[in-house]
2 protein chains.
Amino acid sequence: MLDHTDMLILDELSKNSRLTMKELGEKVHLTGPAVSTRVAKLEDSGVIEGYTVKVNQVKLGCPIHAFITIFTQSTYHQPYLAFIKTEEQHIIHNYKISGEGCYLLECRFPSNEVLNHFLTALNEHANYKLSIVIDK
Amino acid sequence: MLDHTDMLILDELSKNSRLTMKELGEKVHLTGPAVSTRVAKLEDSGVIEGYTVKVNQVKLGCPIHAFITIFTQSTYHQPYLAFIKTEEQHIIHNYKISGEGCYLLECRFPSNEVLNHFLTALNEHANYKLSIVIDK
DNA sequence: TTGTTTGACTTTATTAATGAAAGGAGTTTG
DNA sequence: CAAACTCCTTTCATTAATAAAGTCAAACAA
């Protein structure tokens, strides 16, 4: 199981996953090799699923961040699921949910024009409610 | 501005941000020092905001993933905002939104008991609609 | 108590990566 | 054309990662 030091390691890596093992070791009061074997165990056990980068999407030309609650028109979800597979460049997550709607779709768009086009196409497979993120 | 190589770099780092500059260089057909200066520029310009780790929350004992649409009872949001500041351990994001509700709250909980307790406390400051994530 | 095993760590030494400096090729600018 | 600039490669000194060996303390059995 995970002890306090493992939690500290996860905490430091979530703040900066490019720390060297030496730097990480200093932060959690271990040597490089010791912290390195702990990190390897966290990876092997699946607690650490991977390492990624936080990218500023606005600077990349994708300022519109939307959540779309999906109501599929029939009990047959396949047309909707096939549709979003064709729109992967806009989709961050497609959560299957219980509660209001069948899915909650998190997306990014470069402009209202592109969003509008997306919604028109989406509407052939599902009804929706749109929420635009104003601030995080 | 960003060219094709920069996009490749962001793509590779989002798949694995712990690549060495040498490995990253091989993937985008550059030498270590060349890719290193490009990454430094992406950091300085704010395109890269940071590096983080993907943690399996289920293995960490937090299997319940919820989206909560918030309807504050008055136009005065402060009591709600103050409340969620006291519940930071459960909150992943608090998005201010346009559309249905005032905020969309993304949270994690270890159990239904804890979620229930959270909702009861939340209800003193706001109404809500709850969606539980079943699958990603 | 004594000896053995186990697990987690440190130390050491080798291998590999980083980062700074120098230099070259291609492009832009006066 | 020449100067300046950008972006890259090469080289080398410094620093980190990794594998192997050794240390230490806790748990357990005789």
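Here is how names work: the chains are called A, B, and so on, in the same order as the sequence lines, proteins then strands, and each is numbered from 1.
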Mind listing the N/O atom pairs, protein and nucleotides 8-17 of chain C, below 3.5 Å?
from    : atom 1 : to       : atom 2 : distance (Å)
dA8(C)  : OP2    : Lys41(A) : NZ     : 3.2
dC9(C)  : OP1    : Arg38(A) : NE     : 3.1
dC9(C)  : OP1    : Arg38(A) : NH2    : 2.8
dT10(C) : OP2    : Thr31(A) : N      : 3.0
dT10(C) : OP2    : Thr31(A) : OG1    : 2.5
dA17(C) : OP2    : Lys22(B) : NZ     : 3.3

| request: Indicate the atoms forming the closest heavy-atom contact of Ser131(B) with Gly99(A), along with that distance. | output: OG-CA, 4.4 Å
Nearest 0.5 Å please: distance from the [atom1] atom of [X] over to the [atom2] atom of [Y].
| X | Y | atom1 | atom2 | answer |
| --- | --- | --- | --- | --- |
| Ile84(A) | Ile68(A) | CD1 | CD1 | 10.5 Å |
| Thr69(B) | Glu100(A) | OG1 | CD | 7.0 Å |
| Asn16(B) | Glu23(B) | CG | CD | 7.5 Å |
| Leu13(A) | Lys15(A) | CG | NZ | 10.5 Å |
| Leu104(B) | Ile132(A) | CG | CD1 | 12.5 Å |
| Phe67(B) | Leu130(B) | CZ | CG | 11.5 Å |

| query | Should the ring pair Phe118(A) and His90(A) be called parallel, tilted or perpendicular, given that the plane angle runs from 0 to 90° and is split at 30 and 60? | reply | perpendicular
| field | Inter-axis angle, terminal five-pair segments of the helix from dT1(C)-dA30(D) to dG30(C)-dC1(D) [nearest 10°] | value | 20°
| task | Using heavy atoms and a sub-4.0 Å distance, could you list which residues of residues 8-15 of chain B are near DNA chain D? By number, please. | result | none
For residues 31-42 of chain A, run the donor-acceptor check on the side chains, cut-off 3.5 Å, and write out each pair with its distance to 0.1 Å, sequence neighbours left out.
from     : atom 1 : to       : atom 2 : distance (Å)
Thr37(A) : OG1    : Ala34(A) : O      : 2.8
Arg38(A) : NH1    : Asp3(A)  : OD1    : 3.0
Arg38(A) : NH1    : Asp3(A)  : OD2    : 3.3
Arg38(A) : NH1    : Asp6(A)  : OD1    : 3.0
Arg38(A) : NH1    : Asp6(A)  : OD2    : 3.4
Arg38(A) : NH2    : Asp3(A)  : OD2    : 3.1

| Short side-chain to backbone donor-acceptor contact, Arg18(B) and Leu19(A), under 3.5 Å | yes
| request: Taking heavy atoms of chain B and a 4.0 Å limit, find me the 5'-most and 3'-most nucleotide of DNA chain D within that range. | output: dC7(D) to dT10(D)
| Selection residues 53-62 of chain B - residue pairs positive for side chain to side chain donor-acceptor pair (under 3.5 Å), sequence neighbours left out | Glu49(A)-Asn56(B)
| request: Answer yes if the side chains of Tyr103(B) and His77(B) hold a donor-acceptor pair under 3.5 Å, and no otherwise. | output: yes
